[in-house]
Amino acid sequence: MQIAQWAALGGGRFFPSREAPPPSAPEADPVDGRTTLASKPQGRRAFLVVVDDSPEMTAAARFAARRAARSGGRVALLSVVEPVDGGHWMFVGNLMAEEAREDAERRLQQVAATVHACSGERPELIVREGSLKEQLFKLIEEDDEISILVLGVAANGEGPGPLVQSLTGKNAGKLRIPVTIVPGDLSDAELEALT
Amino acid sequence: MDIYLPVANLTENVLLLFGVGGLVGVLSGMFGVGGGFLLTPLLIFLGIPPTVAVGTGANQVVGASVSGVLAHWRRGNVDVKMGMVLLLGGLAGSTLGVWLFALLRQVGQVELVVQILYVVMLGIIGGLMLFESLQQIRRRRGGRRPKSRKMHRHAWGQNMPFKVRFRRSRLYISVIPPFAIGAFVGILSAIMGVGGGFIMVPAMIYLLEMPTAVVVGTSLFQIIFVAANVTWLQASANHAVDAVLAVILLAGGVVGAQFGARIGYKLNAEQMRSMLALIVLAVAGKLLFDLVTRPADLYSLGLPPTA
């Protein structure tokens with residue numbers, strides 16, 4: 001009797017329910033426009049810009065914004081948080097991943113402001129976790145609206161970044177969309193003239 | 001395939017030594033750790049005198065850290081200025097540590113101290129690592145995200161003199177706390193033959209409040225020079241570095257680290273980590289067991305070093 005009562009009253013909680021809440025996917029993050037921006041324009045081709053901390057990336061973003069505004073398209077900004085190695089301690093790795101994600105989101109917001117200023121429209125913001133190249137290919141594969149990839153190259157003669165190198169070299173044939181390469185030192189006036 | 005180790009003064013199987021270097025290399029490649037904290041006790045288990053195990057272990061740490069720092073350096077994740085302050089502390093601490101080591105040796109207690117320190121340290125590290133990985137596994141099942149850290153609650157060195165701006169770390173703090181942390185880890189490095197990243201990295205995050213992106217690179221950067229200093233001083237002052245042993249271990253370590261880095265990407269990190277934690281605890285247990293059981297030879301004879 002007592003045991004039955006105990007079980008009825010909540011002894012069952014000792015046996016965790018199989019129906020655990022589904023793990024909260026990182027996509028549920030508010031900054032990730034893919035799931036939360038209700039105003040995502042449908043059916044318009046998107047200029048994809050990969051956001052990193054290089055100066056030439058802003059040139060690519062400004063070019064894409066103007067180009068999109070002129071041609072009735074929109075801009076999508078991708079930031080990829082690469083996996084990090086925390087050494088001995090797992091909490092270090094967790095903190096590193098979290099701070100890297102915060103940095104990526106901050107950068108996205110900054111570039112989004114630039115794009116907004118150039119095109120008058122909020123770009124779509126995408127944060128992905130994983131290897132940059134893999135995630136880029138996956139995103140382009142998944143999202144049919146992305147129709148041009150815009151990349152910047154440094155103007156100081158250091159040669160193209162790893163992404164440009166890989167896309168014009170080994171992985172050149174893998175993309176299903178064209179790539180536009182923007183010189184990093186174009187001024188606003190020059191960009192205006194070009195677009 | 002036996003080889004005579006001149007400083008350790010014993011004969012060992014080359015393949016076995018190569019294997020030990022390789023095993024530690026796999027672990028360091030997999031987890032991004034220096035591996036000194038496992039290498040030294042493993043060498044002690046092989047019968048190599050603790051003094052030589054410590055001195056030679058420090059040499060291995062130099063190799064592992066050089067290869068580890070390169071990736072961080074390329075990404076600009078080394079705060080050189082902060083590294084220099086830590087390094088100055090580390091050089092002072094490690095020089096003091098080598099001197100302490102020589103003193104303990106003179107008293108004849110160095111082996112006991114090294115082993116006790118290892119039991120304590122490995123026990124704590126292994127326990128914490130196990131706890132951490134179990135917690136992470138549970139958390140992943142429950143689907144909760146880890147709590148985020150609050151920045152700038154009580155940054156140390158905010159109210160101390162000799163404040164310096166560390167641009168890369170976005171900090172303006174006194175050089176005293178980083179110097180002290182460097183010195184403390186330097187002492188450990190000299191006495192135990194480890195790099196000390198397992199203490200340095202949490203200290204940089206919680207005491208100095210450095211951005212996590214630069215902590216691992218910066219700690220590796222300074223460990224290279226501190227461990228080199230330890231190796232140099234242990235060799236010249238204490239005659240505790242066996243070059244033959246060091247070369248074999250390094251060769252094994254280089255091969256192992258390549259494998260480790262490749263496996264590390266493919267396996268479940270939490271489970272691997274709990275395994276590493278269990279290995280660490282097992283090593284601590286074995287050391288403890290050897291300390292408290294009745295030894296086969298009740299008396300050990302030795303000559304005090306005449307240098």
Side-chain angles (χ1 to χ4, degrees), chain A residues 13-32 52-55 57 79-107 127 129-135 154 158-159 161-163 165-166, chain B residues 28-35 37 68 71-72 74-77 125 128-129 131-149 151 195-202 204-206 210-217 219-220 261 264-265 269-270 273-274 276-277 280:
Chain A
R13 73 194 141 97
F14 285 93
F15 310 99
S17 150
R18 285 266 154 225
E19 294 158 300
S24 62
E27 279 77 28
D29 206 284
V31 81
D32 189 338
D52 55 23
D53 51 4
S54 68
M57 177 274 302
S79 187
V80 177
V81 182
E82 303 216 286
V84 282
D85 190 0
H88 292 81
W89 304 111
M90 208 174 267
F91 79 89
V92 176
N94 288 343
L95 279 178
M96 286 172 84
E98 194 185 319
E99 287 189 17
R101 200 181 157 88
E102 278 167 15
D103 280 351
E105 286 170 2
R106 200 172 312 124
R107 267 203 302 271
V127 180
E129 276 166 31
S131 125
L132 175 56
K133 272 177 234 163
E134 261 173 44
Q135 292 299 322
E158 271 179 25
L163 203 54
Q165 244 166 31
S166 131
Chain B
S28 64
M30 222 150 83
F31 298 104
V33 301
F37 68 111
H72 292 279
R74 269 195 299 266
R75 287 187 205 164
N77 285 344
I125 292 181
L128 284 175
M129 284 177 85
F131 172 75
E132 214 186 33
S133 47
L134 291 181
Q135 212 184 20
Q136 179 92 357
I137 292 173
R138 242 200 345 245
R139 199 181 280 138
R140 181 121 331 165
R141 294 221 174 117
R144 264 177 304 149
R145 286 185 83 179
K147 251 194 310 184
S148 74
R149 147 173 89 143
M151 285 294 283
F198 49 88
I199 295 181
M200 176 75 80
V201 166
M204 287 161 107
I205 293 178
Y206 285 110
M210 287 169 66
T212 50
V214 299
V215 291
V216 175
S219 91
L220 283 173
Y265 279 110
E270 283 105 49
R273 255 166 216 280
S274 27
L276 178 64
V280 171

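Since the model is a prediction, treat every value here as computed from it, not as a measurement.
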Heavy-atom pair of closest approach, residues A:Asn94 and B:Gln136: ND2-OE1, 3.0 Å
B:Gln135, CD: over 12 other non-hydrogen atoms inside 6.0 angstrom: yes
Donor-acceptor pair, side chain of A:Trp89 and main chain of B:Met129, under 3.5 angstrom: no
Close side-chain approach of B:Val216 to A:Met96, heavy-atom, < 4.5 Å: yes
Under 4.5 Å from any heavy atom of chain A - which part of B:Leu276: neither
Heavy-atom proximity to chain A below 4.5 Å, by part of B:Leu220: neither
